[in-house]
Amino acid sequence: MQITTAEQLLRATEVGRCELVRGEFRELIPPSFEHGRVAMRIGARIVNYVEAHGLGTVVAAETGFLLSRDPDTVRAPDVAFVRASRRAGAKRGYYPGAPDLAVEVLSPDDRPGYVREKIAEWLDAGTIAVWVVDPREQTVAVHAVGHPSRKFDERDIIRGGSLLPGFEVAVRDIFGA
């Protein structure tokens, strides 16, 4: 079966981890244990804060966001946040649009061009901020609409700004032992 649309992808029960990029089906390698550990650490901090303050919805890896149509693009960040004012999206199927925050945890085989492509797609589709978490370098690069990109290391604290008012996380806590 050729998969070129979001509807075909949603019905494809025989495929594993994948995305659809401008109508092109892309299989993805399952992430490593370290990737999953880091994604969970940052995701747990975000979801705890968002739920405590009623800010919206946080979803885990493999959650599809329908970013564009004809050709269709469905991407799945490692962690995503959708503000309460926008979460009335899909109950079934992919979320119709981009998350407000997309968190991508790098895998050892992620090529720089591939990562830049994903960041650009998220921001072009309406994502307000993309956090790129690098377990190898233990850094987080924040790409936000209207702001220069900034890289944070273990000495820094990432703040949620207007997207997650009052949220703070120390970079060292994302990677922890």
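Of all heavy-atom pairs between L55 and P165, the closest is CD1-CD, 4.3 Å. The heavy-atom pair separating T127 from V145 by the smallest distance is O-CG2, 3.5 Å. Contact record, L123 with I128: CD2-O, 4.1 Å, taken as the closest heavy-atom pair. Looking at every heavy atom in both residues, D72 comes nearest to A6 through OD2-N, 2.7 Å. The two residues G23 and P71 come nearest to each other via the heavy atoms N-CB, 3.6 Å.
Cluster annotation: F175 and V142 are assigned to the same hydrophobic cluster (Ile/Leu/Val/Met/Phe/Trp/Tyr, side-chain heavy-atom contacts under 4.5 Å, transitive).
The pair E121-K118 does not count as a salt bridge, with every side-chain nitrogen at least 4.0 angstrom from each carboxylate oxygen. Taking 4.0 Å as the cut-off between side-chain N and carboxylate O, E117 and R22 count as a salt-bridged pair. Checked for salt-bridge contact, E137 and K151 meet the test: a charged N lies under 4.0 Å from a carboxylate O. Checked for salt-bridge contact, D100 and R86 meet the test: a charged N lies under 4.0 Å from a carboxylate O. A salt bridge links E7 to R69: at least one charged side-chain nitrogen sits closer than 4.0 Å to a carboxylate oxygen.
A donor-acceptor pair under 3.5 Å links the side-chain atoms of T5 to the main chain of Q8, judged by distance alone.
Between Y95 and F65, the ring planes lie tilted relative to each other; the angle falls in the 30° to 60° range.
With a 4.5 Å cut-off on side-chain heavy atoms, W122 and H143 do not count as touching. With a 4.5 Å cut-off on side-chain heavy atoms, I46 and W131 count as touching.
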Practice prompt. Would you check, one step at a time, whether the test side-chain contact (heavy atoms from CB on, under 4.5 Å) holds for V132 with V140?
Written response: CA-CA 5 Å; V132 180; V140 178; over 6 Å; no

Worksheet item: Would V58 and V79 count as a side-chain contact (heavy atoms from CB on, under 4.5 Å) if you check the C-alpha gap in whole Å, the side-chain angles of each, and the deciding distance to 0.1 Å?
Response: CA-CA 7 Å; V58 179; V79 179; 3.8 Å; yes

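Shown are L9, T4, V74; of these, the side chain to side chain contact (heavy atoms under 4.5 Å, CB included) with F25 is made only by L9.
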